[in-house]
Amino acid sequence: VQLQASGGGSVQAGDSLRLSCTASGRAFRDYAVGWFRQAPGEEREFVAAVRGTGGTSTYADSVKGRFTISRNNAKNTVYLQMNSLKPEDSAVYYCAARAGVILSTFLSGKVDYNNWGQGTLVTVSS
């Protein structure tokens with residue numbers, strides 16, 4: 001599966017953005033999808049993930065209550081709604097996918113994503 005991330009931009013603190021990750025190929029519902037971010041000089045970090053059917057999701061503590069991940073399998077798209085943005089949310093955001101992830105692995109946060117999209121830049125100014 002090939003992934004295309006979009007929706008980044010420059011906003012003020014407290015604003016919202018919605019990122020999209022659109023996949024090509026079939027059987028998108030078989031893929032767990034995660035969002036990650038990487039700020040300059042920092043390591044890439046996990047943000048949120050959703051299982052193939054959309055029924056289960058996980059979040060990094062730093063975004064819980066502010067970010068919501070969802071998916072529309074009919075449109076082969078996963079969304080990341082980001083509210084109450086903070087300057088520390090500034091980063092390049094990447095989406096990634098992997099097929100056949102069992103629930104226990106998904107909940108452990110140790111999914112070995114093997115399909116990555118290009119990043120989309122989010123800049124939050126104070």
Side-chain angles (χ1 to χ4, degrees):
V1 65
Q2 291 185 315
L3 305 174
Q4 175 99 20
S6 62
S10 296
V11 297
Q12 298 286 321
D15 286 349
S16 299
L17 275 176
R18 188 177 78 162
L19 306 183
S20 298
C21 176
T22 302
S24 63
R26 300 176 295 175
F28 183 59
R29 64 172 48 249
D30 292 340
Y31 287 79
V33 175
W35 283 99
F36 295 78
R37 65 188 182 187
Q38 187 167 22
E42 303 288 332
E43 292 190 356
R44 186 175 63 198
E45 65 173 355
F46 169 78
V47 176
V50 62
R51 288 193 76 204
T53 58
T56 306
S57 57
T58 59
Y59 296 90
D61 288 343
S62 59
V63 306
K64 279 181 182 177
R66 299 188 300 122
F67 291 11
T68 302
I69 190 170
S70 62
R71 65 190 297 158
N72 183 332
N73 286 334
K75 295 184 177 181
N76 277 15
T77 301
V78 170
Y79 304 99
L80 184 68
Q81 177 67 41
M82 306 186 296
N83 298 329
S84 302
L85 282 161
K86 304 175 181 180
E88 51 263 44
D89 294 318
S90 297
V92 177
Y93 283 71
Y94 301 89
C95 59
R98 185 173 182 101
V101 178
I102 62 174
L103 181 59
S104 58
T105 300
F106 181 84
L107 294 176
S108 75
K110 297 180 179 178
V111 177
D112 183 18
Y113 292 97
N114 56 355
N115 298 276
W116 290 82
Q118 93 295 352
T120 186
L121 178 63
V122 173
T123 304
V124 185
S125 56
S126 58

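- Both tests hold for R18 against Y79: distance to the six-membered ring centre under 6.0 Å, angle to the ring axis within 45°.
- Residues V33 and W116 fall into different hydrophobic clusters, defined by Ile, Leu, Val, Met, Phe, Trp and Tyr side chains chained together at heavy-atom separations under 4.5 Å.
- The closest side-chain heavy-atom distance from E45 to R37 is below 4.5 Å.
- Side-chain contact between Q81 and L17 is absent, with no heavy atoms from C-beta onward closer than 4.5 Å.
- A pairwise comparison of heavy atoms in P87 and S125 identifies CG-C, 4.5 Å as the closest pair.
- Nearest approach of Y93 to V47, heavy atoms of both residues: CE2-CG2, 4.2 Å.
- In terms of heavy-atom proximity, N115 sits nearest to V1 at OD1-O, 3.2 Å.
- Side-chain contact check for T123 versus V11: every heavy-atom pair is 4.5 Å or farther apart.
- Counting heavy-atom neighbours within 6.0 Å of Q118 CD, excluding the residue itself, gives a total above 12.
- Taking the side chain as every heavy atom from C-beta outward, T22 and L3 never approach each other to under 4.5 Å.
- Atom CG of residue L19 and atom CE of residue M82 lie 3.5 Å apart, to the nearest 0.5 angstrom.
- Rounded to the nearest 0.5 Å, atoms CG (L121) and OG (S10) are 6.5 Å apart.
- For the pair S90 (side chain) and V124 (backbone), a donor-acceptor distance under 3.5 Å is present.
- Side-chain rings of F67 and W35 stay apart, their centers remaining 6.0 Å or farther from each other.
- A donor-acceptor pair is defined here as one N or O able to donate and one able to accept, closer than 3.5 Å; such a pair exists between the side chain of N76 and the backbone of A23.
- Listed for the Y59 side chain is a donor-acceptor partner under 3.5 Å among the backbone atoms of I69.
- Checked by atom type and distance alone, the side chain of R51 never pairs as donor or acceptor with a backbone atom of I102 at under 3.5 Å.
- A cation-pi arrangement is absent between R98 and Y113 under the rule of less than 6.0 angstrom and at most 45 degrees off the ring axis.
- At a threshold of 4.5 Å between non-hydrogen side-chain atoms, the residues F28 and V78 count as touching.
- Judged by a 6.0 Å distance limit and a 45° cone about the ring axis, R71 is not positioned over the six-membered ring of Y31.
- Interatomic distance, T53 OG1 to N73 CG, rounded to the nearest 0.5 Å: 8.0 Å.
- S62 places no side-chain N or O within 3.5 Å of a backbone atom of A60 that could act as its donor or acceptor partner.
- Closest heavy-atom contact between G8 and V122: CA-CG2, 4.1 Å.
- Ring centers of F36 and Y94: at least 6.0 Å apart, outside the cut-off.
- For the pair T120 and V92, the minimum side-chain heavy-atom distance is 4.5 Å or more.
- Atoms CZ and NZ, on R66 and K86 in that order, are 4.5 Å from each other to the nearest 0.5 Å.
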Full working for side chain to side chain contact (heavy atoms under 4.5 Å, CB included) between T58 and L107: CA-CA 7 Å; T58 59; L107 294 176; 4.2 Å; yes
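- In this model, a donor atom of one side chain and an acceptor atom of the other lie less than 3.5 Å apart for N83 and S16.
- Both F46 and F106 are members of a single hydrophobic cluster when ILVMFWY side chains are connected at heavy-atom separations under 4.5 Å.
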